[in-house]
Asker: 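Take this structure first; my questions come after.
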Amino acid sequence: MKRWAPAISTVKAEHGLATATNRQTWINTFRARSDGVIAIARIVLAIGSLWITWLDAAIRPSRSDLVFWLLIAYLVYAIAAALFVWKAQVHLVRGTFVRHMIDVATLIVLAFLTGRVSGPVFMLMPFVQLTATLHWLWRGALWTGSIGVAVLAYLALSNTGWPFNSDVDAAVALSFILSLLTATILLTWLGTHQEAVRSNLLRLVERTPSAPDGRDWPAEAALDYAAQMMRVDRALLIWSDGDEPWTNLAIWKNGASEIRHLSPAAYLPWTPKVLQHASLLIVDAKRSRALIHRGEGRFDRWRGDDLPISPALVAEFSITSAISVQFHANDVEARLFLLDPPAPTLDDVALAEIVADRLKTLFEQAILLRRLSDAAALEVRIKIGRDIHDGVLQTLAGTALQLQALRSSKAEPDVIDRRLMAIQAMLFEEQRDLRTLIRALEPGSDHRHAGDSQLALRLEALADRLRQQWSIDFRFVLDPEDLWLPAAIIDELARMIAEATANAARHGHARTIEARLRLEGASVILTVDDDGTGFGFDRRLEHSELESSKVGPRSLRERAATWGGELSIDRVEQWTRITIKIPAHP
């Protein structure tokens with residue numbers, strides 16, 4: 001099946017053919033590949049017929065030369081046809097009908113020239129019928145067999161007076177006719193079965209279940225796919241998830257779906273325990289008539305006293321016959337019921353198992369999407385918490401220190417008023433940043449790529465706020481002075497500078513802080529120096545060591561790692577230096 005999928009996709013993409021054309025192309029590939037074997041068989045048959053004709057003295061002398069030369073011409077034709085087929089670089093269905101008509105015409109002419117049922121005629125008959133079956137399945141077997149039976153019957157009637165004569169020739173003619181009739185019936189059935197198998201495989205190749213979208217279980221898409229593949233009007237899917245406290249039931253009927261969430265004990269047990277993992281062909285649910293697939297094509301009759309499936313399911317959904325298969329995807333246990341299948345066969349069970357395997361993949365994709373969604377939501381929550389910690393909380397901490405200092409201050413009222421106005425302006429600025437953060441979280445927002453900002457102006461405003469917030473001497477340096485960066489990078493760098501400053505002022509009691517920003521290749525390097533007490537390190541610690549030992553500023557370390565960057569801490573003379581290196585583009 002996997003080998004045909006790329007071929008069909010290529011035909012669709014390059015030639016824009018409709019589904020019907022793709023179906024015919026897929027079926028024709030088998031016919032084309034059969035031509036090579038048929039060509040060899042035709043040559044062998046022509047040589048054998050010549051040899052038998054030369055040995056057989058029973059052919060009427062007046063026509064023996066014509067028969068001989070006809071077989072010579074047929075041998076030449078067989079060789080030419082073989083060369084035509086073998087020289088083709090790619091097997092194509094070309095000339096098969098013409099070659100088949102030549103074979104049939106040769107058979108009819110030989111029959112009338114020899115006037116006998118046996119000999120070359122009977123040798124050519126099964127060949128013609130088999131080639132027709134290989135090319136046109138049951139149609140070829142039926143109409144070619146019908147022609148053969150008619151020819152043999154005519155010869156038998158004209159030569160032996162069959163069926164009224166009881167001599168040996170009549171018995172031989174009757175045996176030949178019955179043999180050909182039996183072969184026609186069997187080959188017609190074989191062609192019908194082969195066509196059904198091809199049709200089933202082609203449906204599997206042409207159609208795949210719709211991929212899940214969102215967090216909902218893909219039950220509707222699963223049932224629609226299963227019903228289309230198995231050609232049933234009703235389908236049922238019941239499943240339970242170890243992480244959810246209920247049983248899920250989906251019903252599909254003539255294209256309409258309904259999904260129910262039921263109690264965990266609903267319809268339990270779905271099947272008797274011994275049939276929990278078995279595939280079932282249920283002939284009569286109410287009379288417990290069912291076949292159990294034990295694997296590798298072995299089927300046993302169900303001989304238990306209980307119904308093979310839940311009596312509650314049988315009663316509620318009026319189940320008479322069904323094909324039922326089970327599949328397991330992570331913590332999900334599921335069972336598919338294909339209800340009222342038309343003329344179910346053992347082959348349908350195998351096809352249903354293939355369908356169930358695809359539904360398993362569909363549910364595994366849904367589980368993976370759920371996990372990715374949960375991971376993404378967790379990452380967003382962590383980022384929001386980090387932004388609030390490095391923004392609002394640090395500002396509130398600085399404001400609290402300012403108010404505490406103001407409370408113990410004995411300055412003039414005008415001075416106190418100016419300091420209060422400065423604190424108020426600082427809170428307004430933080431309020432604006434908080435609104436920006438909230439807007440960035442709204443659906444449809446593309447704040448991360450919202451454009452570019454004036455880096456110098458942004459950092460200048462940040463420096464003023466940090467000076468007022470922590471009562472420190474803060475300065476920054478840009479290299480080059482007209483350094484340009486995307487807005488998302490600037491937002492992140494501003495939060496990193498604010499967090500590093502808050503750590504140095506609150507915990508390191510720093511009074512002077514210098515931030516330098518420079519571009520180095522495809523990376524931005526942020527260096528923050530402070531004259532505080534530092535982290536207690538007397539040497540340089542790289543990101544990997546900080547990460548493994550879980551020391552240093554956790555928020556800055558996680559921010560750098562999130563952007564694919566690195567953080568290091570060093571002690572340079574009286575300064576504590578934090579260096580952060582991140583990509584220059586998000």
Asker: Closest heavy-atom contact between M496 and L556?
Answerer: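 Closest approach of M496 to L556, heavy atoms only: O-CD2, 3.6 Å.
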
Asker: Mind checking ring-ring contact (aromatic ring centres under 6.0 Å, His included) for F337 and listing every partner two or more places apart, or none if nothing turns up?
Answerer: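 F337 satisfies ring-ring contact (aromatic ring centres under 6.0 Å, His included) with no other residue.
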
Asker: List in chain and number order the residues that pass ring-ring contact (aromatic ring centres under 6.0 Å, His included) with H328, two or more places apart in sequence or in another chain; answer none if no residue qualifies.
Answerer: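 For H328, no residue satisfies ring-ring contact (aromatic ring centres under 6.0 Å, His included) once neighbours in sequence are set aside.
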
Asker: Scan residues 126-146 for pairs that pass salt bridge (Lys or Arg N to Asp or Glu O under 4.0 Å), counting only residues two or more places apart or in two chains.
Answerer: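 Sorted result for residues 126-146: R139-E195.
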
Asker: Without hydrogens or angle criteria, can the side chains of E333 and S240 be said to hold a donor-acceptor pair below 3.5 Å?
Answerer: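 Not at all, the side chains of E333 and S240 share no donor-acceptor pair under 3.5 Å.
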
Asker: Output side-chain donor-acceptor pairs under 3.5 Å for residues 345-352, partner residues at least two apart or in another chain, one line each.
Answerer:
residue: T345; atom: OG1; partner: D347; partner atom: N; Å: 3.4
residue: T345; atom: OG1; partner: D348; partner atom: N; Å: 3.4
residue: T345; atom: OG1; partner: D348; partner atom: OD2; Å: 3.4
residue: D347; atom: OD2; partner: H193; partner atom: NE2; Å: 2.7
residue: D348; atom: OD2; partner: T345; partner atom: N; Å: 2.9

Asker: Can you list the residues that meet the side chain to side chain donor-acceptor pair (under 3.5 Å) rule with S568, with sequence neighbours excluded?
Answerer: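 Per chain and number, S568 pairs via side chain to side chain donor-acceptor pair (under 3.5 Å) with R540.
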
Asker: When you look at S279 and E353, which way does the side chain to side chain donor-acceptor pair (under 3.5 Å) test go after all the steps?
Answerer: CA-CA 8 Å; S279 298; E353 289 176 344; 2.7 Å; yes

Asker: Applying ring-ring contact (aromatic ring centres under 6.0 Å, His included), can you list everything that pairs with H100, at least two apart in sequence or on another chain?
Answerer: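 Testing H100 for ring-ring contact (aromatic ring centres under 6.0 Å, His included), a comparison that skips the adjacent residues, returns W136, W143.
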
Asker: Before you tell me yes or no, could you show the steps for D300 and H293 under side chain to side chain donor-acceptor pair (under 3.5 Å), namely the whole-Å CA-CA distance, both residues' side-chain angles and the distance that decides it to 0.1 Å?
Answerer: CA-CA 7 Å; D300 296 333; H293 187 206; over 6 Å; no

Asker: For the pair R458 and E492, find out whether any cationic side-chain nitrogen is under 4.0 Å from an anionic carboxylate oxygen.
Answerer: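 Salt bridge absent between R458 and E492.
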
Asker: Closest approach of I569 and P553, non-hydrogen atoms and distance?
Answerer: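 Looking at all heavy atoms of both residues, the shortest contact is CD1-CD, 3.5 Å.
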
Asker: Listed by chain and number, what are the salt bridge (charged side-chain N to carboxylate O under 4.0 Å, His left out) partners of D331, not counting sequence neighbours?
Answerer: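 Partners of D331 by the salt bridge (charged side-chain N to carboxylate O under 4.0 Å, His left out) criterion come out as none, since no residue qualifies.
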
Asker: Looking only at side chains, do T320 and D340 share a donor and an acceptor under 3.5 Å apart?
Answerer: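 Per modelled atom types, T320 and D340 side chains form a pair under 3.5 Å.
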
Asker: Nearest heavy-atom pair of A560 and I580: which atoms, and what distance?
Answerer: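 Result for this residue pair: CB-CG2, 4.2 Å.
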
Asker: Return the minimal non-hydrogen interatomic distance between P342 and V232, and the atom names on each side.
Answerer: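 Scanning both residues, the minimum pair turns out to be CD-CG1, 4.3 Å.
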
Asker: The criterion is side chain to side chain donor-acceptor pair (under 3.5 Å); which residues satisfy it with R301, sequence neighbours excluded?
Answerer: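 R301 satisfies side chain to side chain donor-acceptor pair (under 3.5 Å) with no residue once adjacent residues are dropped.
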
Asker: Can you see which heavy atom on T192 is nearest to which on W138, and at what distance?
Answerer: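 Shortest heavy-atom contact: OG1-CB, 3.3 Å.
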
Asker: Tell me the closest heavy-atom pair linking E499 and S555, and the distance in Å.
Answerer: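 Minimum heavy-atom separation between E499 and S555: OE2-CB, 3.9 Å.
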
Asker: Hey, would you say the F327 and W239 ring centroids sit under 6.0 Å apart?
Answerer: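 No, too far apart.
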
Asker: Could you pull out all residues at least two apart from E566 that satisfy side chain to side chain donor-acceptor pair (under 3.5 Å)?
Answerer: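 Not a single residue meets the side chain to side chain donor-acceptor pair (under 3.5 Å) criterion with E566.
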
Asker: Can I get a per-line list of side-chain donor-acceptor pairs under 3.5 Å for residues 220-229, giving both atom names and the distance, sequence neighbours left out?
Answerer:
residue: D224; atom: OD2; partner: R207; partner atom: NH2; Å: 2.8
residue: Y225; atom: OH; partner: R358; partner atom: NH1; Å: 3.0

Asker: Apply side chain to side chain donor-acceptor pair (under 3.5 Å) to D233 and list each qualifying residue two or more places apart in sequence or on a separate chain.
Answerer: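 Listed in chain order: nothing, the list is empty.
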
Asker: Going by the rule ring-ring contact (aromatic ring centres under 6.0 Å, His included), which residues pair with F317 if we only count those two or more places apart in sequence or in a different chain?
Answerer: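 Here no residue qualifies.
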
Asker: Could you give me the CA-CA distance, side-chain angles and deciding distance for E316 and R260, then say whether salt bridge (charged side-chain N to carboxylate O under 4.0 Å, His left out) is met?
Answerer: CA-CA 14 Å; E316 182 171 349; R260 303 175 186 174; 2.8 Å; yes

